[in-house]
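Written below as C-alpha cells is the structure these notes are about.
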2 protein chains.
Amino acid sequence: MKTPSRAFKDAVYEQFARIGKAVSSPKRLELLDLLCQSEKTVESLAHEAGLTLANTSQHLQVLRSARLVDSEREGLYVTYRLSDPMVCEFFRSMRVLAENRLAELEMIKRRFLNGREGMEPVDRESLLQRVIEGHVTLLDVRPEGEYRAGHIPGALSVPLRRLKEILADLPPEQEIVAYCRGPYCVLSVFAVEMLRKEGFNAVRLEEGVQDFRAMGLPIDSEKEAR
Amino acid sequence: MKTPSRAFKDAVYEQFARIGKAVSSPKRLELLDLLCQSEKTVESLAHEAGLTLANTSQHLQVLRSARLVDSEREGLYVTYRLSDPMVCEFFRSMRVLAENRLAELEMIKRRFLNGREGMEPVDRESLLQRVIEGHVTLLDVRPEGEYRAGHIPGALSVPLRRLKEILADLPPEQEIVAYCRGPYCVLSVFAVEMLRKEGFNAVRLEEGVQDFRAMGLPIDSEKEAR
DNA sequence: TTATTATTCAACAAATCAATTGAATAATAA
DNA sequence: TTATTATTCAATTGATTTGTTGAATAATAA
C-alpha cells in the first residue's frame, strides 16, 4: 500500500530519470554532443558517430522522447536539433563532472595524445586579442555547418578535409591555433599534426565553442531565417 | 575494424555514460537528492526512500562506482555522502532541465497539491530581511541532521514530527513560512497543512537550501570537526 | 507511373538492470 | 565467547535496453 506522498515522489523521480535514461548510453551522449555543435541530419549523425542508420534513428527517438531534441522534416532529410540551449549546458555540466570525478578520463586522453601533438596550453584570455591584432591565425577545423552555427570570433572555417588545399595560403611564420568541438574531438589533433609536418608553428586549443560560451566569451554565428 | 580515434571516442563517451547510468534510475535519483541535504546512513536512506536495505545498499554502490558518493564506516553504521558539492549542483541542473522540458512534472505537482495548501509565492528576496526584522517565523521542518548540515539563516529547526509539540510556542498572529528539501518534498506541505488547521497564517516556501545556495544567497551551517 | 533515397518500424538475440530473498560479514554488546 | 544489529554479497526472476536485420513509409526524381 502506497501513501499518496510516496506515489507523488515516485512519479517525480521517474520524470527526472527520463533525462537520466536518455543520457545513460555512450552513443546517445555522442549524438547529443554532436548536436551541441549544430543541427544535423540523421545520416550525418550516423556517419559521425559510427552507427547504422536504424540504430541512430532509434537513439534519436529516445532523446526526443526525453524532450532533449526536436526533429523536423526538410524535404528528403530529417534534421535533428537540441530542443533548448539548456540541453547543451546540461551536457557540458555532465562532462565537467565526469572530468572532475573520473580519473579514467584523463588517462584515456593522455594515452590517445601520447606521441601525438603535445598540449601546450593556449592562453585563452589573450587569444582573442592576438587574433584581432593579427599575431595568430585561428582555424576552426569542424565541418562548415558547425562553423556557421557558431564560432570563435576571428576564426577561419577550414574543415579538416580542406586543410591540405589551403596550406599555401597560411602565413608561414605565424603561430596557428586550431580548435574543433572540444577536448575530446580529434579533428584539431589531426589538423595540428598535419600543420607541423608541413613546418608550421601550430598548437591546439582544447576548448570548443560551448566552452567559450560557458566562460562568457563572445561567439559569432550566422543565424538562419527560420 | 576500429580506428584509434573511434576507440578513443568510444572510451570517452563510455566514461560520460557512467554518470548517466548512475542517474538513470528513479530510486538512485531519490537517494542522491536526499544526500544533497546531508550525509546519511544506509538505514535512514532506505527508510526515507521506501526501499529495502539490500536494495538501498546496491543502489548506493552503483552511485559510488560512478564516484558520485563516498562511504565511511562509523561504528555500527556506514555513512554515505556526496563525493563533491559539484554532484549536488549537477543534480540540481538535471532537475531544472526536467522542470523546463517535461511538462508532466508540473502536472504531477499540481495534481498532488490540489486541494492541499495553495502555493502562494513567497517573496524570497525580502524573506531574509523579514526574518531578521522579526516579521516572519521561518521553520525548517526537515530532520535535525539536515538542518545542521545547512539551513537558511534565521530558520528554526522544527522537524515535522515535533511540530505539534511546539505549536504553543509560535507567535499566533505572525506569518509562518515553512520550507523543507525543495519543490518536491512533502514535509513542508504537511507542516503548512497542520499549521493552518491550528489557525496559523502559514505558507510554504518551495525552494530548499540548495536552491538558495544556487541563487547565491547565504547558508548557515554547523561544520563538524572531521 | 516507377525508381531512388532517407528514415523509421518491427522483430529478434544478447546483455544489462531492478528488486527480492536469504546468507555472509563486520562491529559492538552482553 | 555468543548474540545482536547494520550492511553487504550472491543468486534469482522478470523487465528493459542495445544493436542487428530486413521490411515499411515518405519525399523526391525520372
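Proteins get letters first, then strands, A, B, ... in listed order; numbering begins at 1 in each.
Rounded to an integer number of Å, the gap from NE2 of B:His47 to C1' of D:dT5 is 17 Å. If you take CD of B:Glu14 and C1' of C:dT16, they are 13 Å apart, rounded to a whole angstrom. Between A:Glu74 atom CD and C:dA6 atom C1' the separation is 13 Å, expressed in whole Å. Distance, A:Leu31 CG to D:dT18 P: 12 Å, rounded to whole Å. Per the geometry, NE2 belonging to B:His59 stands 15 Å off C1' belonging to D:dT8, to the nearest Å. Straight-line distance from the OH atom of A:Tyr77 to the P atom of D:dA29: 11 Å, rounded to whole Å.
Residue-level contact check: A:Ser24 touches neither bases nor backbone, having no heavy atom under 4.0 Å from any strand. Residue A:Ser25 is in sugar-phosphate contact alone, with no base atom involved, counting any heavy-atom pair closer than 4.0 Å across all strands shown. The residue A:Thr56 sits apart from the nucleic acid: no heavy atom pair falls under 4.0 Å. Nucleic acid contact for A:Gln58: base, since at least one base atom lies under 4.0 Å from a heavy atom of the residue.
Projected onto DNA chain D by closest heavy-atom contact, B:Ser71 and A:Arg28 fall at different nucleotides, the more 5' of which corresponds to B:Ser71. When each of A:Asn55 and A:Arg73 is assigned the nucleotide of DNA chain D bearing its nearest heavy atom, the one mapping closer to the 5' terminus is A:Asn55.
Remark: B:Lys164 does not engage B:Glu198 in a salt bridge, criterion side-chain N to carboxylate O under 4.0 Å.
Atom CD of A:Gln210 is separated from atom CZ of A:Arg181 by 10.5 Å, given to the nearest 0.5 angstrom.
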